[in-house]
Amino acid sequence: MLLNWLPRVCAAAAMVTAVGLPLCAPLRAQNTGKTGSAWTPPTKVWGHPDIEGIYTNKDEANTPLERPDGFNGRTVEDVSAAELESLAKARQALAAKIAGGIGGAETGAGPTHWYEHLQGNGSRPWLIIDPPDGKLPGMTPQAQKREAAIAALNDARNGEGRADSWLDRSMYDRCITRGLPGSMMPAIYGNAYEIVQAPEYVAIRYEMIHETRVIPLDKGPHVGPAIREYLGDARGHWEGNSLVVETTNFTDRTHFGYNNRYNSQKFTLTERFTPVGPNTLQWQVTINDPEVWTRPFTFAMPLTRDNSQPVFEYACHEGNLGLEHILSAARAEERQR
């Protein structure tokens, strides 16, 4: 079933009547704005920049997080448009080759007509903008020790990881969460996101794995340190035309969406959603986790408004035969020993 709607946050009568608006008043824009370097976005009736809509970043699915070694000593600005076009074609070809091997067998990852990343052009040669070398900073000794322990567990079953119980599998395998910012990192499909605005809240809905963040804009404090959540505790505010969201109070059971690098409970995520044109938001993400990384780092990518990409129902639990088969296959392997 296609879910083209999200209950408006404005349905909370107390919130809406406090600003003198009719219940669930249309969230119409007042200001038309202009495209260009001095882009001025339209505004909601209550004055906030209008960033509401359905977005995708599927075109960035083949863009690496880190600067490839072949670009050592170069910056993003050094890469010409012709080089970027050539990179995009090479990455598309590699993605298609890999996808053919997966989807051709009609596994749980296919069929290939589901895939959204095979035409991804990519707006950048890599995503990290700080540090300037485009590389991830070093990991702390305690993080390296934890990663080594996780790698040892994953070496079980010929590299497929332990499967003594569903608890051995990742939150992703179990259809619980991709974590943050992983839930908005482009993948082979499911790259649709819906932003809904109200005067005191912004909600972000993610197609994969059917999660919604409700972000208060009241400048209130974060919840106490005893409360830990998979998606953390978010607080937002506006800085000019940018929505700035700071999220804390994470558990240590999720990772930021790259090579299973797990975060700690000291992880702070700072996101900036900045409209740079009528159909484009710049999504800038800063990871600050002093127990895992020796310094903060930042990456960025565009989110493109695309009303042809409504958020589908992601019935992960209902169709999660993958987890069932992982566990049953592990039991079959044990019987053969």
Side-chain angles (χ1 to χ4, degrees), residues 1-12 15-16 23-29 33 41-46 48-61 114 116-117 120 172 175-217 229-232 234-238 241-245 247 257 269 271-285 300-317:
M1 181 177 70
L2 183 63
L3 299 180
N4 288 337
W5 55 273
L6 175 66
R8 298 281 179 177
V9 181
C10 70
M15 176 186 70
V16 178
L23 182 62
C24 283
L27 303 182
R28 62 187 181 276
T43 56
K44 293 296 189 182
V45 293
W46 54 86
H48 290 161
D50 185 356
I51 62 171
E52 189 164 82
I54 297 170
Y55 293 87
T56 183
N57 53 6
K58 63 181 181 180
D59 283 346
E60 307 301 326
W114 288 7
E116 297 176 343
H117 68 307
Y172 193 9
C175 291
I176 295 174
T177 184
R178 293 171 68 200
L180 286 175
S183 287
M184 201 174 240
M185 297 293 279
I188 60 175
Y189 54 74
N191 301 306
Y193 321 101
E194 184 174 10
I195 297 176
V196 175
Q197 293 178 252
E200 297 179 15
Y201 294 87
V202 172
I204 304 177
R205 182 177 175 223
Y206 305 93
E207 180 170 309
M208 187 192 298
I209 298 173
H210 56 68
E211 299 171 308
T212 301
R213 297 165 75 193
V214 179
I215 303 164
L217 304 176
E229 303 178 58
Y230 295 138
L231 297 184
R235 294 291 184 272
H237 66 275
W238 291 94
N241 292 328
S242 297
L243 173 65
V244 181
V245 181
T247 308
L269 176 71
E271 300 163 277
R272 300 181 69 90
F273 297 86
T274 304
V276 294
N279 295 309
T280 307
L281 285 180
Q282 181 78 352
W283 179 46
Q284 181 173 304
V285 181
M301 70 181 75
L303 304 176
T304 303
R305 190 189 303 272
D306 187 349
N307 291 327
S308 72
Q309 296 286 322
V311 176
F312 279 87
E313 178 187 20
Y314 196 82
C316 192
H317 284 289

Problem - N241 side-chain N/O to P49 backbone N/O, donor-acceptor pair under 3.5 Å - result: no

Exercise for the section: Output all residues satisfying side-chain contact (heavy atoms from CB on, under 4.5 Å) with H48, sequence neighbours left out; order by chain, then residue number. Expected result: W46, Q197, L217, W238

Exercise for the section: Evaluate the side-chain proximity of L231 to T247: yes if any heavy-atom separation is below 4.5 Å, no if none is. Expected result: no

Completion exercise
Given the options I195, D306, N191, Y55 meets side-chain contact (heavy atoms from CB on, under 4.5 Å) only with I195

Problem - Distance-minimising heavy-atom pair for I54 and P310 - result: CD1-CA, 3.9 Å

Practice task
Working to the nearest 0.5 Å, report the span between CZ of R272 and CG of L281.
Solution key: 13.0 Å

Practice task
Decide side chain to side chain contact (heavy atoms under 4.5 Å, CB included) for M208 and Y189; before the verdict, give the C-alpha distance in whole Å, the side-chain angles of both, and the deciding distance to 0.1 Å.
Solution key: CA-CA 8 Å; M208 187 192 298; Y189 54 74; 3.7 Å; yes

Practice task
Measure the spacing between OH of Y172 and CZ of R178 and express it to the nearest 0.5 Å.
Solution key: 5.0 Å

Problem - Between CZ on residue R205 and OG1 on residue T212, distance to nearest 0.5 Å - result: 6.0 Å

Exercise for the section: Would you check if the side chain of Q282 reaches a backbone N or O of T274 as a donor-acceptor pair within less than 3.5 Å? Expected result: no

Handout entry: Gap between atom CE of M301 and atom CD of Q284 - 0.5 Å precision
Key = 11.5 Å

Problem - Rounded distance (nearest 0.5 Å) linking atom CD of E116 with atom CD1 of I188 - result: 9.5 Å

Practice task
Check whether the side chains of Q309 and T56 place a donor and an acceptor atom closer than 3.5 Å, and report yes or no.
Solution key: no

Exercise for the section: Would you indicate whether the side-chain heavy atoms of F273 and V202 approach each other to under 4.5 Å? Expected result: no

Handout entry: Gap between atom NE2 of H210 and atom OG of S183 - 0.5 Å precision
Key = 10.5 Å

Handout entry: Verdict with reasoning, I176 to I209, per side chain to side chain contact (heavy atoms under 4.5 Å, CB included)
Key = CA-CA 7 Å; I176 295 174; I209 298 173; over 6 Å; no

Handout entry: Test item: side-chain donor near acceptor, T177 and E211, under 3.5 Å
Key = yes

Practice task
Any chance you could lay out the side chain to side chain contact (heavy atoms under 4.5 Å, CB included) test for R235 and I215, step after step, and finish with the verdict?
Solution key: CA-CA 6 Å; R235 294 291 184 272; I215 303 164; 5.8 Å; no

Exercise for the section: Not counting sequence neighbours, which residues clear side chain to side chain donor-acceptor pair (under 3.5 Å) with T304? List them please. Expected result: none

Exercise for the section: Taking the side chain as every heavy atom from C-beta outward, state whether P41 and I51 have any atom pair closer than 4.5 Å. Expected result: no

Problem - Heavy-atom side-chain contact between E200 and P216 under 4.5 Å - result: no

Practice task
Using the test salt bridge (charged side-chain N to carboxylate O under 4.0 Å, His left out), find all partners of R213 that sit at least two apart in sequence or belong to another chain.
Solution key: E271

Handout entry: Ring geometry between Y193 and Y206 (parallel below 30°, tilted from 30 to 60°, perpendicular above 60°)
Key = perpendicular

